[in-house]
Amino acid sequence: MRRAAWVILLAVLVSACQAITPDKNAVAITRAVYDELRSGQDTALAARIHPGMISPATAAQFSKLRTFVPAGEPIGSKVVSSTVAEVKGHGRYASLSIEYDYPDRAALFRTQLYEPAGAHVWQVKGFNLEVATERELAVNRLTLANKSVVQGIFLALAIASPLLMLAALVKVIRTPGLERKWLWGLMAFLGLFTFHANWSTGFVLVQWYSLQFLGFGLTPAPSRFDPWFVDATVPLGALLILAGIWGAPLVARKPVAPKS
């Protein structure tokens, strides 16, 4: 029975994640477009654009966007998101985001690409650039710096929720004479309500009509330009088990002998 309880714990806490490798050609095109944009190679850049996206104002748009590119060479870069979808008979569509690091700021460059069926060549259907200083990006860090007291309390409660669930599971495992420990082990992770908090803005979305198992999560931002999200739930099952309302063994009552 104890082994079954540990299996429950592992099933709840462990999830398999499979990394998706970005399309190498799409990444190469995105990097080339950024380099051509910041270095003023408008002719080479225009050659990559989908014919339907070219207009008389294209060159002016290149020049305007170039003014936002940070000066100098980037000191590092990484692919922060990549999505590829194939439409049968039409080709493939891709959306990529690459974050470039500079000494005092960062640039997030996004492209929308299209590869016609059978062509095997990515065409650029659009791109945009977002630049922010280190001070502006600090709001998206998962820290308590410059956060409200309410956000600090919410984070503490979010962390306490799974800890109480684990404590309830330990109590279930160590309770002698308790039947169906596997069931009470599951109930230890039952949560009521769901709270989704944007850590950057402090906005909290509440789902009042929901039951959750575990219900706690820290969703990391793929890019420094994106906020963290903190998910929490009220550990209803854990509270009831720790209070002795749930998961208490049934004690057989012996008949009391009458006094002589």
Side-chain angles (χ1 to χ4, degrees), residues 9-17 19-20 68 70 76-83 95 97-110 128-171 186-243 245-246:
L9 174 61
L10 292 175
V12 173
L13 297 181
V14 178
S15 60
C17 298
I20 300 176
F68 296 97
S77 66
K78 64 177 180 178
V79 178
V80 294
S81 68
S82 174
T83 303
S95 177
S97 298
I98 298 181
E99 186 177 291
Y100 290 87
D101 296 323
Y102 292 84
D104 62 339
R105 63 196 61 218
L108 183 63
F109 189 65
R110 302 183 181 94
N128 59 72
L129 176 67
E130 187 176 354
V131 179
T133 64
E134 291 295 332
R135 183 176 181 180
E136 292 170 333
L137 294 171
V139 69
N140 292 328
R141 297 172 185 164
L142 188 65
T143 67
L144 292 174
N146 300 318
K147 303 302 180 183
S148 67
V149 175
V150 174
Q151 284 179 276
I153 295 175
F154 177 83
L155 182 61
L157 293 176
I159 295 174
S161 178
L163 295 179
L164 289 173
M165 293 176 179
L166 290 175
L169 177 63
V170 171
K171 182 181 178 181
L186 283 176
M187 299 305 291
F189 293 93
L190 179 66
L192 183 65
F193 313 134
T194 304
F195 301 89
H196 303 282
N198 182 319
W199 191 245
S200 299
T201 64
F203 178 78
V204 178
L205 175 65
V206 184
Q207 295 179 351
W208 296 109
Y209 303 101
S210 66
L211 289 175
Q212 299 289 323
F213 276 98
L214 192 58
F216 168 78
L218 289 175
T219 305
S223 166
R224 289 186 292 166
F225 288 79
D226 302 318
W228 281 72
F229 285 90
V230 182
D231 296 337
T233 186
V234 176
L236 176 64
L239 293 175
L240 292 176
I241 290 174
L242 293 174
I245 300 175
W246 281 3

Side chain to side chain, Phe189 and Leu166, heavy atoms closer than 4.5 Å:
yes
Exercise: identify the closest heavy-atom pair between Gln151 and Gly202:
NE2-CA, 3.5 Å
Asp104, CG atom: more than 12 neighbouring heavy atoms under 6.0 Å
yes
Pairs of donor and acceptor atoms involving the side chains of residues 210-223, under 3.5 Å and at least two apart or interchain, shall be tabulated with distances.
from	atom 1	to	atom 2	distance (Å)
Ser210	OG	Thr194	N	3.4
Ser210	OG	Thr194	OG1	2.9
Ser210	OG	Gln207	O	3.1
Gln212	NE2	Thr194	OG1	3.0
Ser223	OG	Glu99	OE1	2.5
Ser223	OG	Phe225	N	3.1

If I take atom CD from residue Glu130 and atom CD from residue Glu136, how far apart are they, to the nearest 0.5 angstrom?
9.5 Å
Grab the two heavy atoms, one from Phe154 and one from Ala232, that are nearest each other, plus how far apart they are.
CZ-CB, 4.0 Å
Can you tell me how far the CH2 atom of Trp228 sits from the CG atom of Leu155, to the nearest 0.5 Å?
11.0 Å
Minimum-distance pair of heavy atoms, taken over all atoms of Ala188 and Leu169
CB-N, 4.0 Å
Say you draw a straight line from OH of Tyr102 to OG of Ser77; how long is it, rounded to the nearest 0.5 Å?
9.0 Å
Nearest heavy atoms of Val230 and Trp199, plus distance in Å:
CG2-CE3, 4.2 Å
To the nearest 0.5 Å, how far apart are OG in Ser81 and CG in Asp226?
8.0 Å
Please identify each residue that fulfils side chain to side chain donor-acceptor pair (under 3.5 Å) with Asp231, with sequence neighbours left out.
His196
Student check: side-chain heavy atoms of Pro227 and Thr201 closer than 4.5 Å
no
State whether the side chain of Ser161 and the backbone N or O of Thr233 hold a donor-acceptor pair below 3.5 Å, judged by distance alone.
yes
Atom CG of Leu129 and atom OH of Tyr100: how far apart are they, to the nearest 0.5 Å?
10.0 Å
Sub-4.5 Å side-chain heavy-atom contact between Met165 and Leu239:
no
Could you give the distance from CG (Leu137) to CZ (Arg105), rounded to the nearest 0.5 Å?
10.0 Å
Would you mind reporting whether Arg224 and Asn140 have side-chain heavy atoms less than 4.5 Å apart?
no
